[in-house]
Amino acid sequence: VGKMGCCQSKRPGEQYTTGEQQEIQGSDSTPWAWVKEKIGASGDAAVMTNAGSPGAPANASSPIPQHPMLAQVASNTELGVPNSPVNTASIAQPSSPYSQVEYVSLLGDVPEPVPGSMIIRVPMDYKTIGEAVQQCPDGGAVLVSSGRYAENLNIKCRIRIAIATDQDSVEIISQTGNAVNVEGQGALLEMYGIAVHVPPAQTCAPYDCVDVNGGAFKAERCELSGGSQGVRARTGASIKLVNTRIMNSGRGLSCTAGSKASVDNCEILNCSAPGIHAADRGSDIRVVHSNVHHCEDAGLYSCSNSLIQANNCFIHSNVRYGASSGGAGSRIDIKNCFVQNNGLCGVFAFQGASAVLSNSDMRGNTKGPYQGDATSHALIEARGISS
């Protein structure tokens with residue numbers, strides 16, 4: 001995964017061509033530049049902005065490149081729907097009680113630069129990542145060379161774990177227990193270029209790839225696979241996923257108890273439950289330039305007074321719904337998206353939940369673009385929908 005990243009989206013079993021691999025690899029020669037750049041950076045808030053309609057260039061101020069799938073989807077015959085551009089007419093942003101929500105910085109106030117004494121290398125300095133984490137000072141970095149590491153990591157401070165170079169391939173594998181635990185309000189883990197594997201949810205106890213309890217977690221160019229949940233955020237945790245793939249989990253990303261997350265240019269697929277799930281006490285997830293597909297339930301699911309907003313995303317081929325929302329106070333916002341070829345309808349709201357749908361292509365869903373039960377039908381606001 002250190003070489004590949006997640007800028008292209010493939011269906012299960014499809015192979016990357018040499019040209020695609022070269023494009024994904026990019027020109028970075030070492031993640032150490034990334035580590036130095038991120039430490040001490042201010043802000044890094046995950047507030048969603050309108051990056052235009054699907055297929056349009058991303059906002060120039062955004063570091064996230066346009067998702068290639070979005071540029072190609074208008075002519076993608078694999079979808080089995082007629083080619084037609086999405087209505088790109090300007091649509092005012094609906095008023096939202098969540099519009100002022102901002103995320104806690106994921107980077108904290110760690111000083112810049114990191115002194116050499118705060119860098120630990122695996123396996124040169126320590127044989128295992130766990131040993132390196134225990135010895136690493138607060139705000140330090142652990143750089144890991146190629147290998148498969150059978151470990152369970154417990155993070156209670158601020159730390160970076162990254163591949164030593166972009167040529168390294170690092171896997172953290174757990175057969176029992178969560179692979180990575182980030183514990184406590186002051187804990188922060190930033191992970192770059194690492195693959196984390198837990199046995200699939202159907203074959204193991206309820207272990208997660210990454211469990212964040214009240215802390216903060218950022219993954220960039222990572223791959224998380226298996227487990228009950230790819231990333232579990234609870235008790236007000238803060239999550240940021242960039243250029244990362246989550247697959248073959250129960251839930252891909254789950255935020256509960258007031259946790260917040262942003263998902264930028266990621267792929268979430270082959271989950272046996274919703275790919276992205278928000279529940280309880282104002283949990284809030286923003287998803288941009290991402291591909292959520294082939295999940296057993298819904299691609300996106302909000303419930304119990306939570307919000308999921310998707311902008312410039314491709315949500316397709318999920319067994320039931322592209323997105324769904326259940327319970328009073330819960331909402332799904334879909335803007336500038338392709339929501340296509342889902343087993344039931346594109347978006348479903350029920351039990352008093354609401355949905356705001358704008359400027360999106362929602363064709364090819366078996367039972368239409370959107371539906372609501374008797375308590376939610378009047379709470380669905382749809383404008384500029386191609387169906």
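We're numbering straight along the sequence, starting at 1.
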Output yes when a side-chain donor or acceptor of [X] lies under 3.5 Å from a complementary backbone atom of [Y], and no otherwise.
| X | Y | result |
| --- | --- | --- |
| D373 | T375 | yes |
| S360 | C337 | yes |
| N311 | H289 | no |
| D280 | S304 | no |
| D264 | V242 | no |
| D138 | R158 | yes |
| T366 | G343 | yes |
| N152 | N178 | yes |
| S302 | I308 | no |
| S283 | G258 | yes |

Heavy-atom side-chain contact between [X] and [Y] under 4.5 Å:
| X | Y | value |
| --- | --- | --- |
| Q340 | N342 | no |
| I334 | V339 | yes |
| V144 | I161 | yes |
| V196 | E223 | no |
| V180 | L189 | yes |
| Y149 | I173 | no |
| H293 | E267 | yes |

Nearest heavy-atom approach of S249 to G226 is OG-O, 2.7 Å
On a heavy-atom basis, the closest approach of I172 and E151 is CG2-O, 4.0 Å
When clusters are formed by joining ILVMFWY residues with side-chain heavy atoms under 4.5 Å apart, either directly or through shared neighbours, do [X] and [Y] land in the same one?
| X | Y | answer |
| --- | --- | --- |
| I332 | F348 | no |
| M191 | L253 | yes |
| I315 | V263 | yes |

Just say parallel, tilted or perpendicular for the rings of H294 and H316, cut-offs at 30° and 60°.
perpendicular
Using the six-membered ring wherever Trp is involved, compare the ring planes of Y301 and F350 and label them parallel, tilted or perpendicular (cut-offs 30° and 60°).
parallel
side-chain contact (heavy atoms from CB on, under 4.5 Å) partner of N312, the single match among V288, N336, N265, V287
N336
Test log, rule side chain to side chain donor-acceptor pair (under 3.5 Å), inputs D168 and T165:
CA-CA 5 Å; D168 284 300; T165 73; 3.0 Å; yes
